[in-house]
Amino acid sequence: MSDWFWIIPFFPLAGFLVLGLVGRRLPVAAVSLTACGSVALSFVTALFSWQALLRQPDEARFFSQRLFTWIAAGNFQADFSFGLNPLSMVMVLVITGVGLLIHIYSTGYMHGDPGYPRFFAYLNLFLFAMLTLVMAENYLLLFVGWEGVGLCSYLLIGFWFEKPAAASAGKKAFLVNRIGDAAFLLGLFLLFYQFGTLDFRGIEHALHSEPLHFPVETGQIGTLTLTALLLFVGAVGKSAQIPLYVWLPDAMEGPTPVSALIHAATMVTAGIYLVVRSSALFTRAPLAMETVAVVGMLTAVFAATIGLVQRDIKRVLAYSTVSQLGYMFAAVGVGAFVGGMFHLVTHAFFKALLFLGAGSVIHGLHGEQDLFHMGNLRKQMPRTFAVMLVGMLAIAGVPGLSGFFSKDEILWKLFSSGHTWLWIAGLAGAAMTAFYTARLILLAFGSRPHGEEAHGHAAHESPAVMVVPLVILALLSIAAGWIGLPAWLGTNHLEEFLSPALAVHAEGAHGAGSHSTEIAAAALSSGIALLGIGAALLFYFYRRLDPDALAGRFPFLYRLLRNKYWVDELYRGVFVQPCLWISRRVFWLYWDQEVIDGLVNGTGRILAGAGNILRRLQSGSVRDYAAWLCAGALTVLLYLLIV
Amino acid sequence: MKIPYLLALLTYLPAAGGILVLLVNGAQEKVIRWFAFLLSAAVFVLSLLLVASYPLPAAGYVLEETLGWLQVPQLGITHHMGVDGVNLFLVLLTTFLTPIAILSSFTAVHRKVQSYYALLLFLETGMLGVFLALDLVLFYLFWEVTLVPMYLLIGIWGGERRIYAAVKFILYTMVGSLLMLVAILYLHLQTGTGSFDLLRIAGQLSSGAAALTRTQELWLFLAFFVAFAIKVPLFPFHTWLPDAHVEAPTAGSILLAGVLLKMGAYGILRFCLPLFPHASTAFAPLISLLAVIGIIYGALVALVQTDMKKLIAYSSVSHLGFVVLGIFSFSLQGLQGASYQMLNHGISTGALFLIVGILYERRHTRRIEEFGGIARSMPHYAAATLIIALSSIGLPGLNGFVGEFLILLGSFAKNSALTAVAVTGVFFSAAYLLWMYQRVYFGPLTRDENRQLADLDRREWACLIPLILMAVWMGIYSQPFLQRMEGASRNILHPIQSNQLVAREASPDFRPAASPKPAAGESRIAPEPRSFPHE
Amino acid sequence: MTVPIIYYLGLSALLFALGSVGLLLKRNLLVQFMCVELMLNAANLAFVAFSQGRADGSVIVFIVMAVAAAEAGVGLALVVVLFRNRNSLDSEDFRLMKG
Amino acid sequence: MEFILFLIFSFICIAAVLNMLFQKESVYCALSLVVCMASLACLYLLLQAPFAAAIQIIIYAGAVMVLFLFVIMLLDPRSDSGSGRPRRMLFLATVLGISLFAALAVFLSRSQSFLNSGHPKPAAGQIGAVEVGLALFHRYLIPLEAVGILILMATLGAVLLAKKKI
C-alpha cells in the first residue's frame with residue numbers, strides 16, 4: 001500500500017471533476033455519494049499508508065513519488081512529486097478524517113440548496129488542494145496547494161453569491177491571502193538562490209550537512225532569517241494572524257460546514273504546517289522564532305478580547321479560532337513543534353465540533369445567528385447541547401479532555417522555555433477563551449432571563465446525518481488528549497511519531513523544571529479555565545452580575561471591543577481608500593489623460609495652429625501676392641549680391 | 001514530410017485567402033465567414049506541422065528559408081525567413097488565435113462583412129511575416145503591413161471614438177517604426193555587409209568585423225527599442241492601448257492584445273539584445289524600472305476603470321511589464337519566463353476580450369455597473385470567465401503562474417528590491433480582476449435586462465474551450481514549450497554573457513562565500529539538486 | 001562721347017522699381033497691367049543698353065515685345081471677362097482665392 | 001550733346017511714369033505711358049538701335065497702348081476709387097521700390113566688369129533692320145518660331161475668352 005499513497009489527493013480531484021462537469025444532472029443522492037465517497041476513499045488510503053509508514057524504520061520514515069517535471073528552466077527544476085513524512089501524515093489524517101465527517105454533515109445541512117452539486121464540487125476541490133499542499137515534496141507544489149485552498153475558500157465563502165456581503169467577503173479573503181502569498185513568493189526566490197533547489201529534503205539536507213555554511217544567525221537579520229520571516233508572513237496571511245486576520249471573521253458569511261472545514265480545521269492550519277515543515281530553517285533563525293512566538297501570543301490575546309463581546313455565534317467561534325491559532329504559533333515560536341502540532345490536531349476536532357454544533361443550531365433556527373435572539377434550546381435540541389457542551393469543556397481546557405492536554409503542553413513549554421511574559425499572556429488568553437465559550441453555550445442553550453421572548457420554541461433537532469458526525473467529533477475531542485500525554489502522565493505517542501520529521505535539535509527546548517513544577521503549572525492552567533467558566537456562569541446563568549452594567553462602566557472599552565478595534569475601518573482608510581483615490585485621480589485621470597494624452601494631443605494642436613497661421617497668408621488680394629512676389633525677387637537678388 | 005517553402009506558404013496563404021474573399025461577391029456572407037474560418041484553421045494545422053518537424057534539442061535557427069526569386073540583389077534585401085525557439089510558439093499563437101477571432105465575430109459583424117474578413121486574413125499574414133522574417137527590411141515591411149488592417153478594423157467597425165483611437169494607434173506605432181527604419185538603414189551602411197540579413201549583420205557585429213562605436217550602438221539601440229517599447233506598450237508609451245482596445249471590435253482586440261503586443265517584445269528579443277549587447281546591459285536597469293512601474297501603474301489604473309475592456313487593456317500593460325522585466329533580467333529563467341508569459345498573455349487576455357465581447361453582444365454595453373448577478377442567469381459563462389480570470393491572475397496550476405514565477409525568479413537574482421515591488425503587482429492583478437468579477441457576476445440581480453440573458457451557445461463554447469484547455473495544459477505541463485525555447489534563449493543570452501557584460505552570473509550575494517556543491521542526498525530524495533547556477 | 005552705359009542701366013532699374021511700386025499701389029487692374037508693361041520696357045532698355053554694337057539686343061527686344069503683346073491680348077480679354085462678371089475693376093473685389 | 005539728349009529723354013520718361021503712378025484717371029495713365037514709351041524709343045535711337053526704336057513705337061506705343069485705351073474706353077471704369085491706400089501698403093510699396101532699385105543698380109553696375117572683359121567692341125554702327133533680320137533668321141530662328149506660336153495661342157485665347165459667356 002505504501003507505493004500507492006500518492007493516489008490520496010486524486011480521489012477528491014476525481015470527485016470535483018465528476019461533480020463539476022455533470023453534477024447538475026445527477027440526482028441529489030448520487031452527488032452526496034460521490035462527494036463523501038471520494039473523501040472516504042482517500043481517508044481509507046490514508047489509514048493504510050499510515051500503517052505502512054509506521055512499519056518504516058525510523059530514519060527512512062518517508063515515501064516519495066515523482067510524477068513528472070512541472071517547470072524546468074536552466075538550473076531551476078520543480079517537479080510534480082508527492083511525498084509523505086510523519087508530519088504530513090498527521091495532517092493528511094486530520095484533513096481526510098475531519099473532512100469526511102464534515103462532508104457527511106453538510107449533506108444534511110445543505111439539503112435543498114439549489115447549488116447543492118456546486119457546493120460539493122468546491123468542497124472536493126478544496127480537499128484536493130489541501131492534500132496537495134500537505135503532500136507536496138517541494139515548496140512550489142506546496143504553493144500550488146496554498147493558492148488552490150485560497151481559491152476554494154474564495155468560492156465557498158462567496159457560495160451564496162447573491163448576498164453582496166458574501167461576495168465581498170470572498171474577495172477580501174482571497175486578496176488578504178494574496179498579500180501573504182506575495183511575501184511567500186519572495187521567500188521562495190531567496191530559498192532557491194540559497195540552496196539551488198526548492199525540495200524540502202534537498203534544503204534540509206543542505207542545512208544538516210553543511211552547518212558551517214548556514215550558521216545560526218543569532219541576533220542579526222541574515223538571509224536565513226529574512227527567508228524565514230518571509231515564509232512566516234505568508235503563514236500569517238493564510239492562518240489569519242495579526243495583521244492579516246481581518247478576512248477570517250468576514251469569512252463566516254459562507255455556509256457553516258465551510259467555516260468548520262476551512263476556517264477551523266484545515267486551511268488555517270496550513271500556516272503552522274509550513275512553519276513546522278521548514279523547522280530546520282526556522283531553528284537557524286532565532287530572531288524569526290521570536291517573532292513567530294510574539295506575533296502568535298499577541299494574536300491569541302487580541303482575538304480573545306474581541307471574542308468576549310461578539311453577538312454572532314459564528315463570529316465568536318471565528319475569533320476563537322484566530323486566538324487558538326495564535327497559541328499554536330506561540331508554541332512553534334518557542335520551539336515546541338510537537339506541542340503546536342498536538343494543539344492543531346485537538347483544535348481541529350473540538351473547533352469543528354463547535355462550528356458544526358453552531359451550524360445545527362442555525363439550521364434549527366432557520367438561519368438565526370445572533371446569540372441574543374437564541375435561548376433555552378436545551379430542551380428543543382438536547383443532543384446538540386450535549387455535544388456543544390463537550391466541545392466547550394474541551395476548548396476551555398478542563399482537565400481530562402483533549403484541549404487541556406494540548407493547551408497545557410503549550411503553556412508548559414512557554415513557561416519552561418523561559419518566556420514568562422508569553423506564559424502569563426497565555427494564561428490570560430486561556431481564561432478569556434473559557435469565558436467566551438461558556439458565554440456562547442449559556443446564551444444559546446441557557447434559559448432567557450425574565451421572559452425575554454426568544455423564538456427558541458420553533459427550533460427542531462437536526463437530522464441524524466448531522467448529529468452522528470457531531471457525536472464522533474465529541475468522542476474525538478475527549479479521546480484525542482491521550483495521544484500526547486505530558487511526561488508526568490504517560491508517553492507522548494505523537495512526539496515519538498513526529499520526531500524524525502522535525503529538525504533534530506527541536507527537542508532541545510525541553511526546558512528545565514522537574515515533573516512537580518509541570519504538575520503545578522497544569523493545575524494552575526486548569527484552575528484558570530474553571531475560573532473563566534465560573535465567571536461566565538455568574539454573568540449569564542445566576543445573573544449575579546449584569547453584563548450591560550459592566551459594559552456601562554467601561555463604555556469606551558466596550559465600544560472598542562464591540563467594533564473590533566476599528567481594524568477594518570483602519571485598513572479601509574489607510575490602504576484601500578487612498579490606493580483607489582491615487583489610482584483614479586493621480587494615475588488615471590491626471591497622468592494618463594492629462595500628461596501623456598495631453599502631450600500627444602498637444603502636438604496635434606500645435607501643428608493645427610501652425611497650419612492656421614500659414615492659412616492667413618492666402619489673403620486673396622492680388623496685390624498681397626504681388627508684394628510677396630517682389631519680396632521674393634528682392635531676397636533672391638540680395639542673396640546673389642551677398643554671396 | 002518536408003514541405004518546401006513551408007514558412008513562405010504559411011505566411012502568404014492567409015493573404016491569398018483574403019484576396020479570394022474580396023473576389024467573391026459580397027452578398028453571400030455565410031460563405032465568406034465559413035471560408036475565412038476554415039482557411040485560418042488550415043493555416044493552424046500547417047503551423048502544427050511546423051512544430052512537429054521541429055527537432056527538440058534545437059540550438060540555433062531550425063528552419064531557414066530564402067526565396068531566391070523574390071529579392072532585390074542590388075540593395076541586399078533577401079526574402080529570408082527562419083524559425084527558432086523564440087518565434088516558433090508566437091507563430092503558433094497567431095495561427096491559434098486567428099480562427100478563434102474569426103469564429104467569434106460571426107454574429108458580431110454585419111456591416112461590410114467581406115472586407116472585414118479579408119482584413120483579418122491580411123492581418124494574419126502581416127503578423128506571421130513579422131515573426132518569421134529574418135531580413136531587417138522584410139521585418140519592417142511586415143511590421144507596417146500589420147498596421148493597415150488593424151487601423152481599418154478599429155476605424156470602421158469600432159466603437160464611438162474609433163477614429164481618434166485608430167489615428168492615435170497609427171501615429172504612435174508609425175513614429176516608432178520610422179525611428180526603426182532609420183536605424184535599419186544606418187546599420188546596413190555601417191556594417192557594410194551590403195545586406196539587410198539579420199544573421200549576417202549579427203555575425204559581423206559579434207565577430208568584431210564591423211564593430212559599432214559605443215555611442216553608435218547606444219543610439220541604434222534606442223531607435224530600435226523605442227519602436228518596440230511603443231508596441232509593447234512599455235510604461236510611458238502606453239496610452240494608445242486603452243483607446244485602441246476599447247474602440248476595436250472583439251476580433252480586433254483579441255488579435256491586437258493576443259499577438260500585436262507580442263511583436264514589440266519579440267522585436268526586443270530578436271533585434272535589440274543580439275545586435276546591441278553593450279547598450280542593452282547599459283539600459284537594463286532603467287528599462288527594468290520602467291517595466292516595474294508599468295506593472296504597478298497598469299494594475300492600479302485597471303483597478304479604477306469603469307469600462308471592462310479598458311480594464312483588460314490596462315491589465316495587458318501590467319502583464320507585458322512582466323515580460324519586459326523578464327527579458328531585461330538577462331537570466332535564462334527570466335528569458336524563458338518572458339517568452340512563456342507572452343504565450344500565456346495571448347491566451348488569457350485573448351479569452352478575456354472574447355468574454356467581454358460575448359457580454360457586449362448581448363447587452364451592448366461594457367460598463368461594469370450595468371451588470372450584477374450575471375452568474376445566476378449565465379452560470380456556465382461565469383464559470384468559464386472565472387477560470388480565465390484566474391489564469392490571468394496567475395493562479396498556480398494555470399498558465400499565468402509559470403510565466404510570472406520564472407520571470408520573477410530570473411529578475412530576483414539581478415535586482416531583488418525591484419522584484420519585491422514587482423511581486424506586489426501579483427496582488428494588484430488579483431485585486432482588479434476579482435473586484436470586476438464580483439461586481440459583474442456576483443451580487444443580487446438588480447437589473448431585469450440581466451435576468452433573461454442567454455447562456456453560451458455552441459459557437460461561443462467552441463471559441464472558449466480551446467483557450468481554457470490551453471490555459472490548463474500550459475499551467476500543468478509546461479515542458480514541451482520550455483524545452484523548445486531553451487536553445488533560442490541561450491543563443492540570445494550568449495552575446496550578452498560572453499563578453500562578460502553580466503558579471504559571470506556569479507552567485508548572487510545571498511549565498512555564503514565558499515559553497516561547495518550541495519552533497520548528493522540519498523537516492524530517495526527528489527532528483528539531486530542541480531549544481532549551483534554558473535552557466 | 002557716348003553716354004556711359006551705367007546711366008541707361010540706372011534708368012532701367014529706376015523704371016523697373018517704379019513699375020513694381022505702381023503694381024503694388026494701383027488698385028485698378030488695367031493700370032497694374034500697364035505697370036507690368038512698363039517693367040518689361042525697363043528690361044528692354046537694359047537689353048538694348050548692353051548690346052550696343054550687336055544685333056542681339058534688338059532681337060531680344062523684338063521677342064520681348066511679341067511676348068508682351070500676346071500677354072496684353074490675353075490679359076485684357078481676362079479683364080473684360082472679369083469686368084463683365086463683377087463690373088468692377090478694383091483688384092480688391094476679386095478675393096475668391098482667399099484661403 | 002548726346003548726353004544732354006539722354007538727360008532730356010530720361011527726364012521725360014521718368015516724369016511720365018510718375019504721372020502715371022499718381023494719376024487718378026486711367027485714361028491719363030495710359031497716355032502718360034505712351035509718352036514714356038516714346039521717350040524710350042528715342043533713347044534706343046541714342047543707343048544706335050533704330051530697329052528697336054521703330055518696333056517700340058509701332059508695336060508698343062502703337063498697338064498695345066491703343067488696345068489698352070480701347071479697353072479703357074470700352075469698360076469705362078470709374079476713376080480709381082482707391083479709398084486712400086492703406087497706410088501699410090504705401091509704406092511697404094515704397095520700401096520695396098527703393099530696395100529693388102538699389103539692388104538692381106548695384107547688380108547691374110557689378111556686371112560692368114563683365115562688359116569690359118572679353119567681348120571685343122564690335123564696330124559701332126547702326127543696328128538696323130538688316131542686322132536684326134540676319135540675326136533673327138540665323139541665330140534666333142527657334143525663338144522666332146516659338147514666339148510665332150505663342151502669339152497664335154494668345155489670339156486664340158483672347159477670342160475664346162471674350163466670346164464665351166462666363
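Since we're looking at a predicted model, the values are computed, not measured. First the proteins, then the strands, lettered A, B, ... as listed; each starts at 1.
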Trainee: Can you tell me how far CG of D:Leu67 sits from CZ of C:Phe33, rounded to the nearest 0.5 angstrom?
Mentor: 10.0 Å
Trainee: Please look at D:Met20 and chain C and tell me whether the side chain, the backbone, both or neither of the residue comes under 4.5 angstrom of a heavy atom of that chain.
Mentor: both
Trainee: Using a 4.5 Å cut-off on heavy atoms from C-beta on, say whether the side chain of D:Cys13 contacts that of C:Leu15.
Mentor: yes
Trainee: Work out which heavy atom in C:Ala69 is nearest to a heavy atom in D:Val64; give both atom names and the distance.
Mentor: CA-CG2, 4.2 Å
Trainee: Heavy-atom distances under 4.5 Å only: say whether D:Val132 touches chain C with side chain, backbone, both or neither.
Mentor: both
Trainee: Please flag which part of D:Leu136 lies under 4.5 Å from any non-hydrogen atom of chain C: side chain, backbone, both or neither.
Mentor: both
Trainee: Quick one: pull up OG in D:Ser10 and CG in C:Leu14 and give me the separation to the nearest 0.5 Å.
Mentor: 9.5 Å
Trainee: So which part of D:Phe68 gets closer than 4.5 Å to some heavy atom of chain C, the side chain, the backbone, both or neither?
Mentor: both
Trainee: Relative to chain C, which segment of D:Ala103 carries a heavy atom at a distance below 4.5 Å: side chain, backbone, both, or neither?
Mentor: neither
Trainee: Can you tell me how far apart OG (C:Ser58) and CD (D:Gln48) are? Round to the nearest 0.5 Å.
Mentor: 11.0 Å
Trainee: Which is it for C:Leu18 and D:Phe101 under the side-chain contact (heavy atoms from CB on, under 4.5 Å) test, yes or no, and what are the steps along the way?
Mentor: CA-CA 8 Å; C:Leu18 285 176; D:Phe101 170 70; over 6 Å; no
Trainee: Under a 4.5 Å heavy-atom cutoff, which of C:Val48, C:Ile60, C:Val21 has the most pairs with chain D?
Mentor: C:Val48
Trainee: Hey, does D:Val71 have a side-chain heavy atom less than 4.5 Å from the side chain of C:Phe83?
Mentor: no
Trainee: For the candidates C:Leu76, C:Val80, C:Val74, which exhibits the highest count of non-hydrogen atom pairs separated by less than 4.5 Å from chain D?
Mentor: C:Leu76
Trainee: How many angstroms lie between CG in D:Leu40 and CG in C:Asn44, if you round to the nearest 0.5 Å?
Mentor: 8.5 Å
Trainee: When you look at C:Asp56 and D:Tyr140, which way does the side-chain hydrogen bond (donor to acceptor under 3.5 Å, both in side chains) test go after all the steps?
Mentor: CA-CA 9 Å; C:Asp56 300 79; D:Tyr140 290 95; 2.5 Å; yes
Trainee: Pick one of side chain, backbone, both or neither for C:Leu45, based on which atoms fall under 4.5 Å of a heavy atom in chain D.
Mentor: both
Trainee: As an exercise: rank C:Val61, C:Leu23, C:Leu38 by heavy-atom pairs under 4.5 Å with chain D and give me the winner.
Mentor: C:Leu38
Trainee: Quick one: what part of C:Tyr8 sits under 4.5 Å from any heavy atom of chain D, side chain, backbone, both or neither?
Mentor: both
Trainee: Can you measure from CE (C:Met65) to CD1 (D:Ile58) and round to the nearest 0.5 angstrom?
Mentor: 9.5 Å
Trainee: Of the backbone (N, CA, C, O) and the side chain (C-beta and beyond), which part of D:Leu5 lies under 4.5 Å from a heavy atom of chain C, both, or neither?
Mentor: neither
Trainee: I need the C:Tyr7 OH to D:Leu7 CG distance, nearest 0.5 Å.
Mentor: 8.5 Å
Trainee: Identify the heavy atoms of C:Val59 and D:Ala135 that sit nearest to each other, and give their distance.
Mentor: CG2-CB, 3.8 Å
Trainee: Select one option (side chain, backbone, both, neither) describing which atoms of C:Glu71 are under 4.5 Å from chain D's heavy atoms.
Mentor: neither
Trainee: Side chain from CB out, backbone as N, CA, C, O: work out which of these in D:Cys29 comes under 4.5 Å of a heavy atom of chain C, or both, or neither.
Mentor: both
Trainee: Which bit of C:Leu11 comes within less than 4.5 Å of chain D, counting heavy atoms only: side chain, backbone, both or neither?
Mentor: side chain
